[in-house]
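Index from 1, following the sequence. Predicted, not measured: the structure shown is a model, and the values here were computed from it.
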Amino acid sequence: MQGNSKSPDGGRRPSSALWAPSPRDRGEAEDIAIIGGGIIGICAAAFLAEAGRNVTVFDRTGICEETSSGNAAAFAFSDVLPMAHKGMIKNLPKWLADPLGPLSIPPAYLPKLLPWLIRFWRAGAPAKYEASLAAQAGMMKLAEAEWMGLLDRSGTKRMLREDGSLEFYESEAEFRASLPGWAARERFGIGFRHVEGESLADLQPGLSPRFIKGTFVPGWKTVADPKLLGKAIWAYAEAKGARFEMARIDRVATDQNGATLTLADGTSRQARQLVVAAGAWSHLLARQLGDRIPLETERGYNTTLPRNAFDVRRQLIFSGHGFVITPLETGLRVGGAVELGGIERPPNFNRSQALLRKAQQFLPGLNPSGGREWMGFRPSLPDSVPVIGKAPASRSVVYAFGHGHLGLTQAAATGRLIRELVLGQTPAVDLAPFSPQRF
């Protein structure tokens, strides 16, 4: 991390504070260990450090260096519809027929994925719709309140952008198909307005005429850059006493005294309490504790172009094509799509290139040169609801993973809920829909 200097044992310490021995240096157990330096783990560390707890975050690459660094930068507080209800099931055959379309599944991976797909299909049943919708709506209300508070406390409010979002439709049929989803959002007080003609052009000049209507969501928010925000929140947590250790955790085990973390180098760390927030790798750690949680990996792709590639006024959502375009402080990000292919396969950057070609069609005049390609892993559960709760076999372990496309959006709410679970307080929302035992 930038701005750090070496401690006597070769670890990291904040350069702006006096160094004090960590529990590791003293041969003691950590108070709280968090596995995962993405935005979920960062926010958990911030909330726990604010409460005066001693927290150490472990990550193999650094703070906000993997999936949390390359997302679409949205605080998608109005995105309450479960994935199974966003037309994915209906469009599945058409999308799968296009190897570079919004959704792809490598044929060799399909047998392994099939149980997850069956769960995903079942999650779309009408009987489960209301429960998932209500759980997400409650979580989003908490998420917005907690993010606004955390941005204020950490001095990062300047990184917030409140320009709204604009979603597009290419036909009357596509627009009409979206209306039930908007009606569901309206029930939960989410504001929006449908636009066309000059109103659509005013919200985003230079748009292709193929898009005949749009929906503007004024309350939609984005951030200047998700990686920069994550590192800034970590700096706040670090100033409150949180620590970081770069290490890959290979194994976890628990006993009556807490948890043991075995590192890749063969050494171990003891912790009185453990938070598993390792994104797409979390279920592998949970399995070591006896919990089989059906987490899959949505591999997302993007290209970040120079800032002057096109004058994009706000986040643009091309839901029929499965991608968005976001203006960032650091460039113009074109990304999205879903590749259900696990964590082992190499990236297929033909997918990010396909998105860029579509962006050129949709925004004539877009300059596609000078871009940086990226691929990340979205940890996704079949019902689109994350796992937040204590491990059934060990009350010293808390799970916080499976946020899918909504990790950045729900991170501050998750941080608060983790703090409440660790401190034995009543959670701000009913955690039954988020239980690790629901599967």
Side-chain angles (χ1 to χ4, degrees), residues 32 34 36-53 55 57 63-64 68 71-80 134-162 185 188-191 217 219-224 226 228-242 275 277 279 379 384-390 398-434:
I32 302 170
I34 298 175
I39 194 62
I40 301 296
I42 293 167
C43 285
F47 274 82
L48 288 164
E50 285 179 328
R53 301 300 294 267
V55 183
V57 173
I63 294 293
C64 208
S68 294
N71 62 61
F75 279 158
F77 302 124
S78 63
D79 196 2
V80 296
Q136 285 289 55
M139 184 67 164
M140 290 302 195
K141 185 176 180 179
L142 180 67
E144 184 165 13
E146 293 302 327
W147 258 123
M148 297 307 105
L150 182 56
L151 292 175
D152 281 334
R153 298 193 303 276
S154 61
T156 55
K157 194 72 172 284
R158 68 190 184 281
M159 304 181 80
L160 179 67
R161 295 181 172 182
E162 301 182 86
R185 293 177 179 95
F188 291 96
I190 295 167
V217 180
W220 189 278
K221 300 172 176 63
T222 57
V223 299
L228 296 181
L229 176 63
K231 289 185 177 293
I233 296 295
W234 171 251
Y236 170 70
E238 197 173 35
K240 293 288 183 181
V275 178
S384 302
V385 177
V387 161
I388 304 173
K390 291 196 173 184
V398 175
Y399 294 144
F401 57 83
H403 295 74
H405 297 248
L406 300 171
L408 175 63
T409 301
Q410 297 182 341
T414 303
R416 173 175 170 172
L417 294 169
I418 290 170
R419 182 189 68 193
E420 290 166 342
L421 286 167
V422 168
L423 299 184
Q425 300 170 342
T426 301
V429 297
D430 178 13
L431 288 181
F434 305 91

Worked verdict on Phe47 versus Ile418 for side-chain contact (heavy atoms from CB on, under 4.5 Å): CA-CA 8 Å; Phe47 274 82; Ile418 290 170; over 6 Å; no

As a quick check of understanding, evaluate side-chain contact (heavy atoms from CB on, under 4.5 Å) for Leu229 and Leu160, giving each step before the final call. CA-CA 9 Å; Leu229 176 63; Leu160 179 67; over 6 Å; no

Please report the C-alpha distance between Leu228 and Lys231 in whole Å, then the side-chain angles of each, then the deciding distance to 0.1 Å, and finally whether the side-chain contact (heavy atoms from CB on, under 4.5 Å) criterion is met. CA-CA 5 Å; Leu228 296 181; Lys231 289 185 177 293; 5.6 Å; no

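Pro386 is not listed as a side-chain neighbour of Phe401, based on a closest heavy-atom distance of 4.5 Å or more. In this structure the side chain of Ile34 reaches within 4.5 angstrom of the side chain of Leu48, judged on heavy atoms. Using a 4.5 Å cut-off on side-chain heavy atoms (C-beta onward), Asp79 and Thr409 make no contact. Side-chain contact between Arg53 and Val422: present, with at least one pair of heavy atoms (C-beta onward) separated by less than 4.5 Å. Looking at heavy atoms from C-beta onward, Ile63 lies out of side-chain contact with Glu238 at the 4.5 angstrom threshold.
Of all non-hydrogen atoms in Asn71 and Ser68, the two that sit nearest each other are ND2-O, 3.2 Å. Closest approach of Val80 to Gln136, counting heavy atoms only: O-CB, 3.5 Å. The nearest pair of heavy atoms linking Cys43 to Ala412 is SG-N, 4.0 Å. Closest approach of Ala45 and Val57 over heavy atoms only: CB-CG2, 3.8 Å. Pairing each heavy atom of Glu420 with each of Ala428, the nearest pair is OE1-N, 2.9 Å. Closest approach of Ala400 and Ile40 over heavy atoms only: O-CG2, 3.7 Å.
Annotation: cation-pi geometry not satisfied between Arg185 and Phe77 (NZ/CZ under 6.0 angstrom from ring centroid, within 45° of ring axis).
A donor-acceptor contact shorter than 3.5 Å is absent between the side chain of Lys221 and the backbone of Ala74. The main-chain N or O of Leu408 is found under 3.5 Å from a side-chain atom of Trp147 such that the two form a donor-acceptor pair. Gln410 contributes no side-chain N or O that, together with a main-chain N or O of His403, makes up a donor-acceptor pair within less than 3.5 Å.
Using a cut-off of 4.0 Å between Lys/Arg side-chain N and Asp/Glu carboxylate O, Arg416 and Glu146 are scored as salt-bridged.
Within 6.0 Å of NZ on Lys390 lie more than 12 heavy atoms contributed by other residues, nucleotides or ligands.
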